[in-house]
Amino acid sequence: MSKRTAGRRAAFTLIELLVVVAIIALLIAILIPSLNGAREQAKRAVCLANLRNMGMATQAYSSEDTNEHTVPIHVQHVLGPYRTFPLWRTTNWFAWGGVDGIKPFKITTTGQLTFNDNDPEGKKWSGRTRPLNKYVYKNLSASDALKPTIFKCPSDAGYRLHGLTDDAPKESQNTPCIQILGNSYRGSFWCWITYPDVHNVFTMSAWGHRISSLVNTSEIILFGEPNFFNMIGNDTGTLADLAPINLYGWHKRVMTDNLLYCDGSARTTQAGKTAFTRGLGADMGISQNNAAMIRRGKNWRLDTYPTPGARIKGAQPRWWLEGVLNINEWPIAGAQDNMKDHPVPGS
């Protein structure tokens with residue numbers, strides 16, 4: 001071997017370098033989805049922990065409340081009238097707890113409110129007015145809206161922009177709920193109302209019920225990520241609109257979101273392909289048409305059966321639901337009147 005050959009340093013060829021680069025790129029392509037999945041799994045765990053903490057705070061609220069309300073009653077739940085439907089339908093479902101809004105809640109293309117003390121009307125729903133907060137914060141300051149709290153899901157992406165999403169105005173969809181509503185989690189409010197004056201409100205969900213009166217509490221939804229309540233079907237139209245809506249939850253799972261139940265448990269729940277059951281009428285003693293309005297899935301439900309319905313505001317529903325429900329049927333028969341003597345202005 002010549003001295004020139006012996007002294008030459010070994011080096012990679014261009015082909016060898018390209019092979020190494022290709023292998024590295026392949027490994028990155030394999031690892032990134034796994035890392036993203038692990039990151040989302042961590043966010044999902046934080047979200048479930050938030051819900052469990054809310055469950056403990058809500059149980060503390062119920063134990064001290066005059067009427068053992070399962071869901072905290074915000075003053076705006078029993079006041080009115082509401083100048084726009086979203087102020088009733090969207091805002092109130094989040095107002096049981098949470099912080100100040102930091103972005104405007106766009107009601108229409110021309111109207112908006114910011115739910116903090118700087119907005120003359122929006123301050124009605126500011127963080128300091130929300131009844132669960134005294135069981136979560138010692139002192140709620142305006143800066144709390146900017147801090148991570150149990151009311152903030154780390155994957156909060158807002159209501160999905162979809163033609164059948166009816167629980168929030170289109171102008172406010174795809175904006176994180178924590179930013180515009182002060183809360184990532186909506187309550188399970190399944191009720192009949194007279195609108196726009198909201199003179200009467202009658203509920204067949206946990207909202208408005210005494211916690212001690214409920215059975216099957218491990219199945220009755222209390223709070224949850226809001227897209228779940230659209231996944232189980234549009235509820236402002238006809239019975240034909242009750243078919244499930246195919247949506248992604250915040251944690252990148254189809255037809256799946258995190259929910260809190262009335263027994264304090266929190267779990268990832270699938271909306272399923274049969275979100276309501278038409279065969280319940282005989283068991284519940286109600287007509288088949290009304291049974292189609294019952295929303296249930298595997299191990300979850302919105303209704304409180306066999307516990308009867310409850311009055312939130314106004315008269316018992318003997319006349320204003322006439323023609324919709326028979327007064328001798330569940331949920332009207334034996335309905336609870338849990339607002340009597342309740343220490344909420346306007347009740």
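Treat the numbers as computed from the prediction; the structure is a model and nothing was measured. For reference, positions follow the sequence shown, starting with 1.
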Near Lys134 NZ, under 6.0 Å, is it more than 12 heavy atoms from other residues, nucleotides or ligands? no
Does Arg267 make a cation-pi contact with Tyr261, if we ask for NZ or CZ under 6.0 Å from the ring centre and within 45° of the axis? yes
Cationic N near anionic O, under 4.0 Å, Arg311 to Asp337: yes
Quick check with a 6.0 Å cut-off and a 45 degree axis cone: is Arg186 positioned over the face of Phe229's six-membered ring? yes
Evaluate whether atom OH of Tyr248 has more than 12 neighbouring non-hydrogen atoms of other residues, nucleotides or ligands under 6.0 angstrom away. no
Can you tell whether the side chains of Arg296 and Asp303 come within less than 4.0 Å, N to carboxylate O? yes
Asn116 side chain to Ser126 side chain, donor-acceptor N/O pair below 3.5 angstrom: no
With Phe189 as partner, the option from Val71, Ile312, Val201 fulfilling side chain to side chain contact (heavy atoms under 4.5 Å, CB included) is Val71
If you measure only the distance, is there a donor-acceptor pair under 3.5 Å linking the side chains of Glu68 and Ser212? yes
Going by atom types only, do Asn92 and Trp125 share a side-chain donor-acceptor pair under 3.5 Å? yes
Check the angle between the aromatic planes of Phe105 and Phe115 and answer parallel, tilted or perpendicular using the 30° and 60° thresholds. tilted
Ionic contact status for Arg89 with Asp166, cut-off 4.0 Å: yes
What's the spacing between Gln173 CD and Asn230 CG if we round to 0.5 Å? 8.0 Å
Do Thr129 and His74 have side-chain N/O donor and acceptor atoms under 3.5 Å apart? yes
Quick one: which of Asp65, Asn67, Thr70 gives a side-chain hydrogen bond (donor to acceptor under 3.5 Å, both in side chains) with Arg210? Asn67
